[in-house]
Amino acid sequence: MGKPNLSWWYLPLLILAGESVFILPFVLARVFRPTVLQAYGLDNIELGLCFSVYGIVALVSYIFGGPLADKFPPRKLIATALWLTALGGLVYATFPSFGTLQVLYGYWGFTTIFLFWAPMIKATRVWGGPSSQGKAFGLLDGGRGLVGALFGALGVWILALLIPASGLELSVEDSQRAFRSVVLVSATLVALVGILVWAFMRMDPKAEAELVLERISLQQVREVLRLRSVWLLMLMILCAYVGYKITDVYSLYASEVMGYGAVGSAQVGTLLLFIRPIIGVGIGFLADRSDTTLWLLLSFGLAFMGALLFASGWITPSAAWLFFLSLLIVATGVYAARSLYFAVMKAGRIPLLLTGTAVGLISLVGYTPDIFAGPAYGYLLEATPGPEGHRHVFWMLAAFSLVGGLCAWAYFRKYGRKTRDNPADGA
């Protein structure tokens, strides 16, 4: 199937929706982690457990949400997910108890995964067509990074307006007052994106009908599970996603190791978000001009090297240049892998019509870090507070990057461009 006739709004709205839906559950905690911990009265382990509840609900949602994306048009599922996620922001803004916060994260696990995740991936494959998968997923992840960065920058600006000038010793009330405004503005914008998606993210009705299956059979599920590419993608995404989850701690690293204040640490988190679009777009165009599977392999290598720099203990408050250099290396590797791992689905011979089902099955394993990564690095940070705990977190990243790199090597050997040009070589 070729690339269908799409409105010019299609990809920009997909990008906007693709990050907006995760602003409330993830981006705000990534950019404002010290403020979130104080305002909600949490430690790192408790916040990690909230993410685990999200991950458990998401695990079930991947199973059923994947086939759902093969039965209904992406536009309707995506818009509904955005509206329901925004409603959760109203609860988040009340600074609920730890128990209620866990329930809220479970709710977000349903709205952002069951209704949203597989439709977004399938819609991106459709936009990319037969020859632009790297560009499609690079633009998606890079664009999502830009949207997240803009949300983060807006939040930092609101926070800076509302906290005392010193910004170093905030009371819980100061943190809550400022962060409530950040949450409510974010929730409002997420709901508005849902309206735009419903109204304008359209494709030709005939092409849309061709992408929808009346029913998903067990034979089709077995067909997907027989593909070696599906199993390798499960492991690669798992390893890459651990790296992405660990980016949550950079603002905390800036605060606890580098000595930055609330606004300064949030600015570090926001800077990281601005790196993501540059990497995503750049790697997507490079991958389409050469070999997507090769670039995926190189991205794991970069993440591994950057993790070793952080784990070495060489980064101190007096070596700010090394902090930002190491951050750039890890971010390049992690964001490049994140941009490309779904872009290699076509190379791995995964049928377009069964994209939703394949994404659901792959994500069932690939996104289990939503369950274990938060508590794992939360435990490491709490068990050995300060720089030593952060070094342990980056040893964890190095280990997963190494395993991901080995899987990417196997994928490259089996499905790389030279193998596709000479199919017998990859048998």
Side-chain angles (χ1 to χ4, degrees), residues 15-42 44 47 50-51 82-96 100-101 104-105 108 111-112 143-196 247-256 258-277 327 331:
I15 290 169
L16 187 59
E19 190 68 7
S20 296
V21 78
F22 296 109
I23 294 296
L24 290 165
F26 289 115
V27 175
L28 294 185
R30 183 173 303 127
V31 175
F32 302 99
R33 191 178 183 95
T35 302
V36 168
L37 294 176
Q38 182 183 31
Y40 290 89
L42 304 173
N44 286 293
L47 183 57
C50 290
F51 292 142
L82 287 162
W83 293 328
L84 293 176
T85 300
L87 281 176
L90 301 181
V91 177
Y92 197 45
T94 66
F95 301 98
T100 303
L101 205 57
L104 176 60
Y105 266 85
W108 277 334
T111 64
T112 62
R144 287 177 61 195
L146 179 59
V147 171
L150 293 174
F151 268 95
L154 176 63
V156 170
W157 178 71
I158 293 172
L159 197 72
L161 283 179
L162 296 177
I163 65 174
S166 67
L168 294 175
E169 296 294 335
L170 299 179
S171 68
V172 173
E173 291 75 17
D174 288 334
S175 294
Q176 288 182 341
R177 184 179 66 254
F179 196 64
R180 180 180 289 110
S181 299
V182 173
V183 171
L184 291 176
V185 169
S186 298
T188 301
L189 292 175
V190 171
L192 289 175
V193 172
I195 295 173
L196 292 174
T247 63
D248 288 353
V249 308
Y250 277 114
S251 61
L252 191 66
Y253 190 101
S255 174
E256 293 186 348
M258 304 302 290
Y260 295 1
V263 174
S265 61
Q267 287 171 336
V268 169
T270 304
L271 172 65
L272 196 67
L273 295 179
F274 276 107
I275 294 172
R276 183 176 163 193
L327 185 150

Query raised in the report: Can you list the steps and then say if L28 with F179 is a side-chain contact (heavy atoms from CB on, under 4.5 Å)?
Result: CA-CA 9 Å; L28 294 185; F179 196 64; 4.0 Å; yes
Nearest atoms (heavy-atom pairs only) where [X] meets [Y]:
X: A39; Y: Q176; result: O-NE2, 2.8 Å
X: T35; Y: S175; result: CG2-CB, 4.2 Å
X: A29; Y: V36; result: CA-CG2, 4.0 Å
X: V268; Y: A254; result: CG2-CB, 3.9 Å
X: S20; Y: F151; result: OG-CE1, 3.8 Å
X: G88; Y: L104; result: O-CD1, 3.6 Å

Report task. Name the orientation class of the two ring planes belonging to F22 and F26 (parallel below 30°, tilted from 30 to 60°, perpendicular beyond 60°). Result ->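 Tilted: the ring planes of F22 and F26 meet at 30° to 60°.
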Quick one: does any side-chain atom of [X] pair with a main-chain N or O of [Y] as donor and acceptor, under 3.5 Å?
X: Y105; Y: P25; answer: yes
X: R144; Y: G18; answer: yes
X: T112; Y: W108; answer: yes

Report task. State the CZ-CD distance between F95 and E173, to the nearest 0.5 angstrom. Result ->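 Nearest 0.5 Å value for the CZ-CD distance: 10.5 Å.
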Requested in this report: Give, for atom OG of S265 and atom OH of Y250, the distance between the pair rounded to the nearest 0.5 Å.
Outcome: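 Reported to 0.5 Å precision, the distance equals 15.0 Å.
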Report task. Go through the structure and list residues passing side-chain hydrogen bond (donor to acceptor under 3.5 Å, both in side chains) with T188, not counting sequence neighbours. Result ->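 For T188, no residue satisfies side-chain hydrogen bond (donor to acceptor under 3.5 Å, both in side chains) once neighbours in sequence are set aside.
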Report task. Could you list the residues that satisfy side-chain hydrogen bond (donor to acceptor under 3.5 Å, both in side chains) with R33, not counting sequence neighbours? Result ->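 Per chain and number, R33 pairs via side-chain hydrogen bond (donor to acceptor under 3.5 Å, both in side chains) with N44.
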Requested in this report: Examine the side chains of T111 and T85 and answer whether a donor and an acceptor come within less than 3.5 Å of each other.
Outcome: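 Result is yes, a qualifying pair exists.
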Could you tell me whether the side chain of [Y] reaches within less than 4.5 Å of the side chain of [X], counting heavy atoms only?
X: L101; Y: L47; answer: no
X: L189; Y: V193; answer: no
X: I195; Y: L82; answer: no

Query raised in the report: Hey, would you say the Y40 and Y92 ring centroids sit under 6.0 Å apart?
Result: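 Yes.
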Requested in this report: May I have the step-by-step check of side-chain contact (heavy atoms from CB on, under 4.5 Å) for L146 and R276, ending in yes or no?
Outcome: CA-CA 7 Å; L146 179 59; R276 183 176 163 193; over 6 Å; no
